[in-house]
Structures are given as C-alpha cells and as structure tokens.
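As structure tokens, the structure follows; a few thoughts come after it.
Here, residue 1 is the first one in the sequence, and each next residue gets the next number. Quantities reported herein were computed from a predicted structural model and do not represent experimental measurements.
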Amino acid sequence: MSAGVSTQQRQREMAAAVAAAAATSGAGRCRLSKIGASRRPPPARVRVAVRLRPFVDGTSGASDPPCVRGMDSCSLEIANWRNHQETLKYQFDAFYGERSTQQDIYAGSVQPILRHLLEGQNASVLAYGPTGAGKTHTMLGSPEQPGVIPRALMDLLQLTREEGAEGRPWALSVTMSYLEIYQEKVLDLLDSTSGDLVIREDCRGNILIPGLTQKPITSFADFERHFLPASRNRTVGATRLNQRSSRSHAVLLVKVDQRERLAPFRQREGKLYLIDLAGSEDNRRTGNKGLRLKESGAINASLFVLGKVVDALNQGLPRVPYRDSKLTRLLQDSLGGSAHSILIANIAPERHFYLDTVSALNFAARTKEVINRPFTNESLQPHVLGPVKLSQKELLGPPEAKKARGPEEEEIGSAEPMAASASASQKLSPLQKLSSMDPAMLERLLSLDRLLASQGSQGAPLLSTPKRERMVLMKTVEEKDLEIERLKMKQKELEAKVLAQKAEDSKEKENHCPTILRPLLHRTVTVAKPLKKAVVMPLQLIQEQAASPNAEIHILKNKGRKRKVESLDAPEPEEKAEDCWELQISPELLAHGRQKILDLLNEGSARDLRSLQRIGPKKAQLIVGWRELHGPFSQVEDLERVEGITGKQMESFLKANILGLAAGQRCGPS
C-alpha cells in the first residue's frame with residue numbers, strides 16, 4: 001500500500017524546500033519577505049513531517065531490528081503485520097530519520113511558515129504520536145539541543161525587532177499565552193489560580209479564550225522568564241513507558257500585532273500555535289490505574305475526536321465535530337481553518353510500538369489531505385495623532401473669525417483674510433470648508449497635511465486617494481453641495497410665503513374685514529328638542545294624592561320647564577321654555593280599576609284572566625286553581641299567595657293594569 005504522491009510533485013516540493021533553505025541566513029534564521037496585502041494567498045494543504053526517534057538505551061527490544069525504515073527524505077516503509085513478506089510504504093512532505101537533529105527539523109519544516117506571521121496570517125505546529133515517541137523533546141528539547149518552541153521564538157523576536165525598527169512602516173509587538181487542556185478543562189499555565197476557561201468564537205470566526213493571560217515579550221530573556229515557570233505547572237506523570245509522560249495537551253499561543261505608522265493606518269494580527277499533544281496510550285502496556293487511567297481516557301477521547309475531525313474534512317461532510325472536544329475546538333483554525341499548519345508525527349522504532357506507529361502513520365496520511373484557507377487578518381484603525389494647538393481664526397470660518405477680531409485688527413488686516421482663507425482651503429482637503437468642519441476633524445487634517453509636507457509630498461489631496469476615485473468623490477461632493485443649496489433656497493421661499501400670509505392676516509384684523517370663516521362666529525348652536533314623555537309616579541305617591549282632599553280629576557298635566565340655549569355671540573346663555581308631561585291619577589279612577597281587577601280575579605275564566613297584562617296561560621291556570629281551593633280573593637294583593645307569583649311580579653302586575661285602566665285601556669272582559 002502506498003500513501004504518497006507522484007514523482008513530479010515530489011521533485012517540485014524538494015526544489016521548493018531547497019530554495020527555502022538557500023534563503024536562510026548563516027545563523028539558521030530565515031529572511032521573511034512580505035507579500036502585498038492585495039494578493040490573496042491560495043488554499044494551503046496541511047504539511048506533514050514524520051520523525052523517527054532512535055532506540056532508547058536500556059529498554060527491551062533495543063537489540064532487535066527496527067520495524068520502520070526510511071527510504072529517502074520524504075518516504076518510509078514499515079513491515080506489514082498481516083504479511084511479513086510485504087511492507088507498507090508512506091510518503092509525506094518530509095521524513096527525518098534517527099540521525100536527524102533538532103536544527104534539521106526546525107529549518108526544514110517549521111522555519112518556512114514563520115514568514116506568514118508578518119503577513120497577518122496564522123500558523124500552527126502540532127506534535128503528534130504515541131506516548132514515549134519524543135513529542136515533548138521535539139517541541140521543547142533540552143538546553144544542549146533546543147526544540148521547536150525556543151528556536152521559533154528566538155527567530156520571531158529577532159524578525160519583529162528588525163521589521164518594527166524606527167523608520168520602518170510598521171510597528172510590531174509580541175505577546176504570549178500558555179495553556180493546557182487537562183481532562184477537558186482549559187487551564188492557564190501562566191496563572192495557576194485561574195479556573196476552567198471557556199473557548200469562544202467572535203463574529204469573524206476567530207477562536208479566542210476570554211480571561212487567558214497575555215504577557216508582552218520583547219526579547220528571548222522575557223520569554224524564558226514567563227515560559228519556564230509555566231512549564232513546571234504542566235501536569236506530568238510516570239507510566240511504564242515514560243517516566244515523565246505528559247498528561248495534558250499544551251498550547252503555546254504567540255500573537256504578533258502590527259500597526260501601520262502612516263496612512264491608511266492598517267492593523268494586522270498573526271497567531272502562532274505551538275502545540276504539544278499528549279500521546280495516545282494502551283492501558284494494557286502502560287499499567288494505568290486510578291487517576292492515571294482517568295487521564296488516559298480523557299486523552300484518548302480527545303484524540304479520537306481529532307481523528308473524526310480529520311475524516312470529516314477529508315470526506316467533505318456538512319458538519320465537522322469541532323465542538324465535541326476542547327482540543328478540536330481550539331484547533332479549529334489549524335485543521336480546515338485559516339492557518340498554515342505543519343504536523344510533526346513522532347514514531348518509535350521498537351517492535352512493541354508497532355501498532356501505535358501504524359496508527360500514527362495512518363492519521364498523518366489522512367491529515368495530509370486536509371485543506372486550509374489562510375487569509376490576512378487586516379483591519380483599518382484610526383491612527384491617534386498628537387493634539388495640535390490652533391488659533392481661533394483657524395478653527396472659525398470667515399464670518400465667525402470676522403466677528404472675533406477687534407476693530408483695529410479688522411482695519412489693519414483687511415486684505416489678509418481673503419488670501420489666508422484661500423491658502424487654507426488649498427492646503428486642506430477640498431471636500432469641506434473651514435466654517436462647516438468639525439474642529440476635531442480639522443485638527444486631524446491639519447496634522448496630516450503637516451506630516452505629508454514634512455515628508456516631501458507635493459500636495460497629496462484626499463489622503464493619497466487614487467485619481468479616478470478622487471475625481472468621483474469630488475464630483476459627488478459638488479452634487480451634494482448643489483442639492484443642499486437648492487433645498488436652502490426652497491426653504492427660504494417657504495418661509496417668505498408664511499411671513500406674507502401672517503402679515504395679510506394681521507392687516508385684515510386691523511380693518512375688521514369679515515373673512516370666509518367670520519359667519520361661523522354668528523351661528524347659534526341649539527340643542528335638539530327632546531320628545532314629549534310621560535313621567536311615571538310611584539304607587540305610594542298616587543295613594544297619597546288620592547287621600548288628599550284637593551285631588552284633581554284630570555290624568556295628565558302639562559308642566560313648563562326652562563332650558564338654557566348657548567350662543568357664540570351672546571355673553572350669557574338664554575333660557576327657553578320646554579314642554580314636559582307628568583302623570584297624575586285621580587283616587588276615584590284608581591279605586592275603580594282595583595275593584596274591576598278584583599272582580600275579574602274572582603269571576604273570570606282562564607281566558608279572561610289572560611287579558612290582564614303580565615298574566616299568561618300558566619299563571620291564569622294557577623289563579624283559577626287557587627280560587628277553587630281557597631275561595632274568592634278578598635283583595636288584589638292576595639295574588640302573592642298564589643304559587644309561582646312573587647312580590648316583585650305582583651308589583652309590576654298592579655302598575656301595568658291600574659295605569660293601563662287609568663289611561664283608558666281595556667281591563668277585563670268587554
């Protein structure tokens with residue numbers, strides 16, 4: 001089985017590597033060449049390098065032949081455990097054998113990607129492999145043989161000092177953060193008191209960790225002062241395969257911030273991730289128990305999710321499970337994101353590491369197919385200029401400056417203001433006039449003009465905008481000015497019309513001339529005349545009137561009532577009489593009606609009883625039945641004793657029938 005690429009592609013990659021090595025300096029430090037911001041970098045594949053460590057003295061199987069053998073600088077082969085007569089061949093971007101040094105690995109794989117940081121792009125280096133394969137040695141090394149991290153920081157700090165020196169267009173600053181992922185907890189190694197940190201994503205898709213400590217560094221001594229104590233905070237433990245086995249994933253984050261010193265004052269940010277992954281473990285061989293077994297489970301789970309992420313990226317699945325683990329969430333930029341990534345797969349030559357070596361090589365072969373899309377993290381930021389002291393004449397326009405001057409100064413310098421205003425308008429941007437410009441904006445424009453004049457620029461109007469864009473912008477401004485002037489003229493015309501209308505109205509009031517609305521003032525507002533209505537008096541009041549000796553015989557009496565009529569012209573309301581009717585019943589007619597109702601109750605049939613108001617068929621049958629059982633009614637109020645007739649019904653019955661009789665209505669049989 002072959003996991004490589006074609007021979008032509010290998011030759012092209014080797015030529016590119018030779019060209020990159022030839023560009024490095026004698027001290028092993030590369031010279032970075034910045035790419036223009038307008039050029040967009042093409043998609044970049046994750047580069048994979050494999051490092052084979054030598055045999056470890058004193059271990060079992062040190063005298064056995066190795067299970068892995070390198071073929072050239074890019075390929076290797078390993079025995080096929082299913083058929084010992086065959087071998088499995090793999091091809092990667094680089095292969096480093098047992099005799100390779102730390103400098104070879106750094107200069108061949110890591111050093112070329114540092115140039116992207118000064119372009120505002122991200123880069124990451126991952127050390128992957130089984131436990132005991134030499135990942136931490138590759139990343140950290142020793143004082144005699146420093147690894148990738150110290151070499152990369154030494155070169156990066158030197159490059160930032162050169163690029164950010166005085167007189168260069170960019171000002172650079174470097175900060176560092178160091179964290180570990182231990183049992184799915186993000187811990188800050190620079191601040192051991194901080195707890196579990198959260199991983200967030202901003203609106204632009206960048207991964208960030210709020211609350212993570214950032215230390216500014218300007219030299220390698222500053223880096224060592226922060227990094228060495230933090231490295232001792234990392235969780236390590238002893239197993240059967242490694243006396244100092246890493247029990248967590250360590251991530252060193254280095255940020256390079258760039259700020260442009262001149263217009264348009266751009267800002268760039270590049271991130272470098274240096275990641276030392278914990279090794280996958282076979283608990284049957286490591287002998288993990290208790291806490292070590294729990295740590296091993298968390299490590300293997302996160303590495304399993306890492307493999308799922310790589311498979312999802314290679315297969316083009318719609319969902320990539322970055323969020324299934326804190327490790328993959330943090331590596332979202334490195335795998336399938338916006339970083340130039342290099343994976344260093346560490347393997348061991350011993351035969352008892354055979355299965356772990358095959359697993360690591362298969363993972364590296366799949367990772368080689370992952371495509372990243374790096375881009376430049378650039379934004380425009382306003383450059384803070386120093387305060388400029390301006391006179392009152394410069395801050396005010398020509399009308400305001402003329403008012404602010406004294407009479408003597410106005411007489412002496414009568415010819416100077418025109419020339420001064422003309423020169424000021426020529427020196428400043430032609431977009432606005434001094435009188436309508438914000439003072440803060442005026443200060444910035446004056447300072448920028450002075451800065452450009454000091455550098456020998458010949459009247460760079462509009463902040464060195466290209467000619468075509470500048471002409472379009474000036475034309476747009478002129479059109480807007482004409483539109484504003486037209487609106488001002490229209491507003492003045494409307495104001496003149498309003499003033500003329502007000503003057504005409506006041507003149508008419510003085511002459512007492514009636515206007516169109518004048519007749520409305522003499523109109524009289526009247527209220528609609530209500531209909532005539534009868535006032536129903538209570539039964540007790542009727543009885544009292546019947547008992548009085550001066551009772552009248554008539555039924556309805558007309559009573560006059562006055563009402564007020566309001567007029568808009570009259571100062572006081574007028575009173576006008578209105579007809580109102582009140583019902584009065586004579587006692588004789590009232591007694592006659594009660595006697596006729598009583599006779600009908602004692603002698604009338606059910607049909608005759610139904611002729612009474614408020615008596616229906618059911619109540620008529622009840623009255624007839626009660627009369628047969630108890631005898632005749634002695635008075636009309638005995639109806640309350642009939643079952644089904646309440647006192648309230650009795651009162652309404654009397655009012656309806658007696659008043660109907662008094663009004664001349666028919667009561668009883670005809």
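Donor-acceptor pairing under 3.5 Å is recorded for the side chains of Q103 and R151. In the model, D257 has no side-chain atom that pairs as donor or acceptor with a side-chain atom of T175 under 3.5 Å. Under 3.5 Å, the side chains of T101 and D104 contain a donor-acceptor pair of N or O atoms. Side-chain contact of D276 with T136: a donor-acceptor pair under 3.5 Å is present, judged by distance alone. At a cut-off of 3.5 Å, with distance as the only test, no side-chain donor of S248 or T235 sits close to an acceptor on the other residue. For the residue pair R47/S109, the side-chain donor-acceptor check at 3.5 Å is not satisfied. For S75 and Q91, the side-chain atoms include no donor-acceptor pair closer than 3.5 Å. Between the side chains of T213 and D188, a donor-acceptor pair is found at a separation under 3.5 Å. Counting only N and O atoms by type, the side chains of H249 and E180 include no donor and acceptor under 3.5 Å apart. Checked by atom type, the side-chain pair N372/S341 shows a donor-acceptor distance below 3.5 Å.
Judged by distance alone, the side chain of E269 and the main-chain N or O of E378 form no donor-acceptor pair under 3.5 Å. Side-chain atoms of D93 do not come within 3.5 Å of backbone N or O of A49 as any donor-acceptor pair. The backbone N or O of G120 lies less than 3.5 Å from no partner atom in the side chain of T376, so there is not a single donor-acceptor pair. Between the side chain of R200 and the backbone N or O of P210 there is no donor-acceptor pair closer than 3.5 Å. In this structure, N122 contributes its side chain and K271 its backbone to a donor-acceptor pair below 3.5 Å. The main-chain N or O of G134 is found under 3.5 Å from a side-chain atom of T138 such that the two form a donor-acceptor pair.
Taken from CD in E224 to CG in L153, the straight-line distance is 9.5 Å, to the nearest 0.5 Å. Remark: T160 OG1 to L118 CG distance equals 8.0 Å, nearest 0.5 Å. Distance check, rounded to the nearest 0.5 Å: OG1 of T218 to CZ of R161 gives 7.5 Å. In this structure, CG in D311 is found 8.5 Å from CZ in F363, a value given to the nearest 0.5 Å.
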Next item on the list: Starting from the C-alpha separation in whole Å, work towards a yes-or-no answer on side chain to side chain contact (heavy atoms under 4.5 Å, CB included) for I199 and K326.
Entry: CA-CA 8 Å; I199 302 176; K326 295 288 184 66; 4.1 Å; yes

Item checked: Derivation and outcome, side chain to side chain contact (heavy atoms under 4.5 Å, CB included), residues L291 and Q183 -> CA-CA 11 Å; L291 180 61; Q183 294 188 11; 3.8 Å; yes

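A salt bridge between D155 and R115 is absent, with no side-chain N of the basic residue lying under 4.0 Å from a carboxylate O of the acidic one. Ionic pairing of E119 and R268 is not present here: no N-O contact between side-chain nitrogen and carboxylate oxygen is shorter than 4.0 angstrom.
Residues forming a salt bridge (charged side-chain N to carboxylate O under 4.0 Å, His left out) with R82 (at least two apart in sequence, or on another chain): none.
Cation-pi geometry between K135 and Y128 is not satisfied (NZ or CZ under 6.0 Å from the ring centre, within 45° of the ring normal). Remark: R234 is not positioned above the aromatic ring of Y178, lacking an NZ or CZ atom under 6.0 angstrom from the ring centre and at most 45 degrees off the axis.
The neighbour count for R323 CZ, taken as heavy atoms of other residues, nucleotides or ligands under 6.0 Å away, does not exceed 12.
Aromatic ring orientation, F223 versus F227: parallel (interplanar angle below 30°, classes split at 30° and 60°).
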